[in-house]
Amino acid sequence: MLDKNFDAAAAERRLYAVWEAEGRFAAAPDGGAIPYTIMIPPPNVTGTLHMGHALTMTLQDILVRWQRMQGRDALWQPGTDHAGIATQMVVERQLDGEGIRRSALGRDAFVERVWQWKAQSGGGITAQLRRLGASLDWSRERFTMDPGLSAAVREVFVRLHREGLIVRARRLVNWDPSFRSAISDLEVESREVRGHLWTIRYPVEGEVGRFLSVATTRPETMLGDTAVAVHPEDARYLDLVGRFVVLPLTGRRVPVVADAYSDPDKGTGAVKITPAHDFNDFAVGQRHGLAMPSVLDAEARIALDEIAGELRAVPGLADPAFVRGLSGQAREAARTAIVGELERLGLLEKVEPHVHQVPHAERGGAVVEPRLTVQWYCDAGRLAGPAIEAVESGRVEFVPRQWENTFFSWMREIQPWCISRQLWWGHRIPAWYGPDGHVFVAHDEAEAARLATSHYDAPVALTQDEDVLDTWFSSALWPFSTLGWPERTAELARYYPTDVLVTGFDIIFFWVARMMMMGLHLMEEVPFRQVFIHGLVRDERGQKMSKSKGNGIDPLELIDRYGADALRFTICALTGQGRDVKLGPKRVEEYRSFVTKLWNAARFCEMNEVRPVEGFQPEAAQGRLARWILDEAAGTAAEAGAALEAYRFDEYAASVYRFTWNRFCDWFLEFAKPVSNAGDTTEAAELRAATAHVLGTILRLLHPVMPFVTEALWAEFGFGPEGSLIVAAWPTAERLAGAPEVARELDWVTRFIGEIRAVRAEMNVPPSKVTPVLLRDAGPETVARAEAWAEAIGRMARVSAVSVLDGEVPAEVARGAAQAVVDEATLVLPLAGVIDLGAERTRLQKERARALEEAAKVERKLGNADFVARAKPEVVDENRERLSAFQQETARLDAALRRIG
RNA sequence: GGGCGCGUAGCUCAGCGGUAGAGCAUCGCCUUCACACGGCGGGGGUCACAGGUUCAAUCCCUGUCGCGCCCA
């Protein structure tokens, strides 16, 4: 016997353990089934489950469970990411708390410490995924720094290096001064900052009293200026091109160059050029062969090493002592000092408030400093071509399609990818340097040593590159590294390419595009056929959830309060295409009602001895009620399947919800009540069997989204042992013969009952008052139906008897009657003394006015010769029928009004 | 500045050439033997605005306004 309430917490613990123990999540590579594969977007190994995870993992689990039920060999590949910067930061903060500096600890000890932290907290996120009900094949769990995956990383690095697709180069790079590491352009976001625009006078060499004014938002970088650029067609400065100005503070002579980069309409039209600290200036510097001295160190403090030798004293312009005093100062402090000095020298023309875009590190938020360093770069430009082609040709399909534009626009202008990071936690770059700095890229030190020995003709001491790879480098290999690549494993052959990748649009560039580039280059095949891009989770007011705003919701808390099924269903129901998901506890509470409704409907079935009947054939059912609900269930299965096929999670949820609540519970179970109580008649037995069949269908249709409550009910009803629904067959969608005719009949009954209910409610007839119904003008079909469904009509519409009137309604009845029109028939409810006749008249008049208005609308349309001539014939016919129906309804309401006088 | 998306009932959203829908909220009635996390019924929308295409526009096209996101 089912408990009064569903104990979600107990069922979740018990059932997940059963599934896992019985290996229900495990892929079956040796079976004959067609594989269905999804790669989990690996969460940070030391992370905790947030709503974003809950969203994406729920959708993936729905797909995987659905396909598994369709007999596919489902592999949902689990695993976690080492998350270089994030994890290193966490451990550094822990060390800070203990008063230990990373540098004091040393590299090996530090990395060891991170491994300890991983061992200690690494199971957290996977345990939380289990709470959500995720049916991942845990036996195949991988970690990006596993030996196998690390070997894949080294193999790719070596291979791409040998192919010239990975190179080491000294370029300007985005530098995060707080992490003291390079970051990729994707990890930089520009933020609007209210700053100042300073206009500084640079004296023109050899022309006393003449100045060239330049405007800048970053005066401190002037220590590294090596030119001033003006537009080649700017008449104001033409005579200065090729001449020199003297840089204040350092006294350096710098040329005036003509370059189209300078915008004559912006500022003074002349710009200072600091090639080592600005990307645009770097390009100008390259075009004009300028020197590129750096004046900021790894922590963005003033560093004079590269300019110390050239400092000159120029009276009234440059004082080496002042500049030397800046050494080691933070860029902000140096800015203040430099502006003060320029003002003192009378070289500051003006200061204006200025709003401008400043690059910030996405993680950590430090102001990014472009810096000239040696880094490893991956030639993304060459790898992008095949990935672009794969999407163009449809071999990879984005859903919704609009994201393909986003993908194309980035891929077509992709920049070299800086893959080295000055961190300790991650895949160390497999490059070793000889005594003269010659680089040997190899799978391991022994191979590097062999290469070096042959290069130098003698064994030499090698030192390994200190840097690690960008975390996304290993993520990019995930679809094949998890399957054993570079070994040619059976899994790799079977499960690659995967079927679909499910993720948010925020990592299309970081991850999706890179997996495609690497997959196509190394596997020569796309990593997935489809990419389903879902929205982001937002709070109830539509704001992005974030730690800093404190508006985050903990999915585990929601699971504790409402159950995993309720949370999952909420997510599913709210996941439309191309829209973010606004989610709060209230929404989950709303959908928990559905879990409860299902539970109670099942309890009701159980009380009425509904049990699955072996070999039950829907098509063989005789009763009209049974055939109706069986066909509706099949229709719902068709809808649900089509919705999932199209990644319409909202439609899938809505379709099964509607059927379960509004068809099965509200109508079918109500109709079935007397029959189910009727003992052992053939009719009752068949209806019970049909009910069981439909309940089973509902459980199977809902299992992907609500795995726990459905599995619990499945076992309780004896559809199969506990833990077997997960592999039960997805319902077939075969409609029943003659179903449309039965559907019309049931539609009539529900409308008939509905009309009576509405009239009674509107006329304030107390529920205790049972009335007869007299049928006027009813055709033979209506009469037959009214007889056939008399019991249900009586019970559900509080009607004592339905009788057919031969002639007109007796006057004494008519004067107190409430009336309603259903198709050709008029329903007369004798309620003299119970209802207010004036109110009934008003109600009928309102109905009549509505029918008349509709009729007029259709009439206008049909009166339009163009419409009749040009619209599709079936549309014209449809409108003729509607007109006739509204006209008849009006006439019947007129008659009803006459009747009550 | 370039691109994308969105403005439909009080709220959240679906619909996307021919009858405007759902859930929640709201109002009325109902403690009817599965469920008050319930049942029954009602009210509520010039589908942002302005043009255009069409026999017909919430839906297609153009523009305007408002909001959001991405890229520069």
Side-chain angles (χ1 to χ4, degrees), chain A residues 2 4-6 185-186 189-190 279-280 357 359 400-410 413 505-506 508-509 535-536 538 540-544 562-563 566 570 573-584 586-608 610 648 650-651 653-655 657-658 661-662 665-666 669-670 673 676-677 753-768 795-798 843 854 857-858 860-872 874-876 878-879 881-883 885-886:
Chain A
L2 289 170
K4 178 136 170 91
N5 291 302
F6 173 54
D185 48 351
L186 279 178
E189 62 174 17
S190 57
F279 283 93
N280 288 313
Q357 299 292 328
R401 174 140 287 173
Q402 79 213 44
W403 291 110
E404 290 179 2
N405 295 328
T406 307
F407 172 83
F408 286 140
S409 63
W410 185 66
E413 279 169 60
F505 56 77
D506 49 333
I508 290 179
F509 306 144
L536 262 38
R538 296 174 179 278
E540 269 156 329
R541 290 179 317 194
Q543 294 208 289
K544 214 164 154 174
Y562 305 109
T570 306
L574 297 181
T575 297
Q577 285 206 338
R579 211 178 250 279
D580 288 342
V581 175
K582 290 183 199 164
L583 200 145
K586 237 183 96 197
R587 308 308 303 271
V588 183
E589 193 180 344
E590 281 165 29
Y591 282 110
R592 184 193 43 182
S593 303
F594 182 51
V595 179
T596 307
K597 185 74 182 180
L598 176 66
W599 182 259
N600 281 308
R603 273 181 71 213
F604 176 76
C605 290
E606 190 184 45
M607 287 170 180
N608 286 285
V610 166
R648 289 304 307 258
D650 52 343
E651 280 182 9
S655 147
Y657 181 101
R658 260 198 315 268
W661 201 314
N662 304 123
C665 291
D666 287 350
L669 290 183
E670 292 302 327
K673 271 178 182 174
S676 358
N677 288 329
I753 293 171
E755 282 294 334
I756 298 171
R757 281 172 168 174
V759 170
R760 293 180 55 113
E762 279 176 70
M763 288 291 98
N764 291 313
V765 178
S768 55
R795 190 164 38 86
M796 293 165 74
R798 321 229 21 104
R843 194 186 65 83
E854 289 297 321
K857 252 196 317 205
V858 184
R860 267 198 304 278
K861 195 175 244 186
L862 286 163
N864 181 346
D866 278 333
F867 171 70
V868 178
R870 313 185 71 147
K872 281 175 285 192
E874 60 268 32
V875 172
V876 177
E878 200 182 302
N879 276 280
E881 276 164 35
R882 291 189 68 217
L883 176 60
F886 284 126

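In the text below, chain A, chain B and the rest are named by the order of the sequence lines, each starting its count at 1.
- Rounded to a whole angstrom, the distance from the P atom of B/G66 to that of B/G39 is 45 Å.
- Salt bridge present: A/Lys857 and A/Glu854 bring a charged side-chain N and a carboxylate O closer than 4.0 Å.
- To the nearest angstrom, C1' of B/A34 lies 15 Å from CZ of A/Phe594.
- To the nearest whole angstrom, the two P atoms, one in B/A14 and one in B/G1, are 30 Å apart.
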Side chain to side chain contact (heavy atoms under 4.5 Å, CB included) between A/Leu186 and A/Trp410, worked out
CA-CA 11 Å; A/Leu186 279 178; A/Trp410 185 66; 3.7 Å; yes
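- Between A/Arg579 and B/G68, a side-chain N or O to OP1/OP2 separation shorter than 4.0 Å is absent.
- With B/A36, B/U12, B/A72 as the candidates, the nucleotide lying closest to the side chain of A/Gln357 is B/A72.
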Does A/Asn879 form a side chain to side chain contact (heavy atoms under 4.5 Å, CB included) with A/Phe867? I'd like the steps, not just the answer.
CA-CA 11 Å; A/Asn879 276 280; A/Phe867 171 70; 3.7 Å; yes
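- Between A/Lys861 and the phosphate of B/U19, there is a side-chain N or O to OP1/OP2 separation shorter than 4.0 Å.
- A/Ala601 comes within 4.0 angstrom of a nucleotide base, judged by non-hydrogen atoms across all strands.
- Of the listed nucleotides (B/G5, B/A14, B/G18), B/G18 has the atom at the smallest distance from the side chain of A/Asn879.
- Rounded to whole angstrom, the span from the CZ atom of A/Phe604 across to the C1' atom of B/G39 amounts to 14 Å.
- Atom CZ of A/Arg870 is separated from atom C1' of B/G18 by 15 Å (rounded to the nearest Å).
- Rounded to whole angstrom, the span from the CD atom of A/Glu762 across to the C1' atom of B/G28 amounts to 11 Å.
- Nearest nucleotide to the A/Tyr657 side chain, out of B/G23, B/G41, B/C69: B/G23.
- Taking atom P on both nucleotides, B/C71 is separated from B/C37 by 46 Å, rounded to a whole Å.
- Candidate nucleotides B/A14, B/C55, B/G39 were compared by shortest atom distance to the side chain of A/Arg648, and B/A14 ranks first.
- For the C1' atom pair drawn from B/G68 and B/C55, the interatomic distance equals 39 Å after rounding to whole Å.
- Note on A/Asp666: only backbone sugar-phosphate atoms sit closer than 4.0 angstrom, heavy atoms only; bases stay farther off.
- Searching all strands for a Watson-Crick or G-U wobble partner of B/G66 with both distances below 3.5 Å returns B/C6.
- Taking atom C1' in both B/A9 and B/A22, the straight-line distance is 11 Å, to the nearest Å.
- Of the candidate nucleotides B/C24, B/C13, B/A34, B/C24 has the atom lying nearest to any side-chain atom of A/Lys586.
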Assess the residue pair A/Arg587 and A/Glu590 against the criterion (salt bridge (charged side-chain N to carboxylate O under 4.0 Å, His left out)); give the C-alpha distance rounded to whole Å, side-chain angles, the decisive distance to 0.1 Å, and a yes or no.
CA-CA 5 Å; A/Arg587 308 308 303 271; A/Glu590 281 165 29; 3.4 Å; yes
Would A/Asp666 and A/Trp661 count as a side chain to side chain contact (heavy atoms under 4.5 Å, CB included) here? Give the steps.
CA-CA 6 Å; A/Asp666 287 350; A/Trp661 201 314; 3.7 Å; yes
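- In this structure B/G1 sits in a base pair with B/C71, meeting the Watson-Crick or G-U test at under 3.5 Å.
- Here A/Thr596 does not reach the OP1 or OP2 of B/G38: none of its side-chain N or O atoms lies under 4.0 Å away.
- Counting only heavy atoms from C-beta on, A/Glu651 has its side chain closest to B/G15 among B/G15, B/G5, B/G18.
- Nearest-nucleotide positions on RNA chain B place A/Ala761 closer to the 5' end than the other of A/Val868 and A/Ala761.
- The side chain of A/Cys665 approaches B/A34 more closely than any other nucleotide in the set B/A34, B/G41, B/G15.
- Map A/Asn405 and A/Pro766 each onto its nearest nucleotide of RNA chain B; the residue landing nearer the 5' end is A/Asn405.
- Distance from the side chain of A/Arg603 is smallest for B/A34 among the nucleotides B/C40, B/A34, B/C13.
- Put simply, CZ on A/Arg658 is 11 Å from C1' on B/G23, counting in whole angstrom units.
- Nearest heavy-atom pair across A/Ala602 and A/Leu2 is C-CD1, 3.9 Å.
- Between B/U46 and B/C69, the distance separating the two C1' atoms is 31 Å to the nearest Å.
- For the pair A/Arg798 CZ and B/C29 C1', the interatomic distance rounds to 13 Å; values are reported in whole Å.
- Between the P atom of B/C6 and the CD atom of A/Gln577 lies a distance of 12 Å, rounded to the nearest Å.
- Rounded to whole angstrom, the span from the CD atom of A/Glu854 across to the P atom of B/G18 amounts to 15 Å.
- Phosphate proximity of B/G39 to A/Trp661: present, with a side-chain N or O under 4.0 Å from OP1 or OP2.
- Comparing B/C4, B/C24, B/C55 by their nearest atom to the side chain of A/Ala871 picks out B/C55.
- The cationic group of A/Lys673 lies under 6.0 Å from the six-membered ring centre of A/Phe604 and within 45° of the ring axis, placing it in a cation-pi geometry.
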Run the salt bridge (charged side-chain N to carboxylate O under 4.0 Å, His left out) test on A/Asp580 and A/Lys582 for me, step by step, so that the C-alpha distance in whole Å, both residues' side-chain angles and the decisive distance to 0.1 Å come before the verdict.
CA-CA 6 Å; A/Asp580 288 342; A/Lys582 290 183 199 164; over 6 Å; no
Under the criterion side chain to side chain contact (heavy atoms under 4.5 Å, CB included), I'd like the reasoning laid out for A/Tyr591 against A/Val595: C-alpha separation, chi angles, the key distance, then a yes or no.
CA-CA 7 Å; A/Tyr591 282 110; A/Val595 179; over 6 Å; no
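- OP1 or OP2 of B/G18 has not a single side-chain nitrogen or oxygen of A/Lys872 nearer than 4.0 Å.
- Which of B/A34, B/G28, B/G41 sits closest to the side chain of A/Asn600 comes down to B/A34.
- A donor and an acceptor atom never sit less than 3.5 Å apart when one is taken from the side chain of A/Lys597 and the other from the base of B/C37.
- Taking atom C1' on both B/C35 and B/G44, the two are 28 Å apart, rounded to the nearest angstrom.
- Checking the phosphate oxygens (OP1, OP2) of B/A20, a side-chain nitrogen or oxygen of A/Lys857 falls inside 4.0 Å.
- For B/U46, there is no paired nucleotide, since no Watson-Crick or G-U wobble pair has both relevant distances below 3.5 Å.
- Rounded to the nearest Å, the gap between the C1' atom of B/A50 and that of B/C40 is 45 Å.
- B/U19 is unpaired under the criterion used here, namely a Watson-Crick or G-U wobble arrangement in which both key atom distances are under 3.5 Å.
- Taking a pair to require two hydrogen-bonding distances under 3.5 Å in either a Watson-Crick or a G-U wobble arrangement, B/G41 pairs with B/C27.
- The base of B/A34 sits within donor-acceptor range of the side chain of A/Glu670, with an N or O pair under 3.5 Å.
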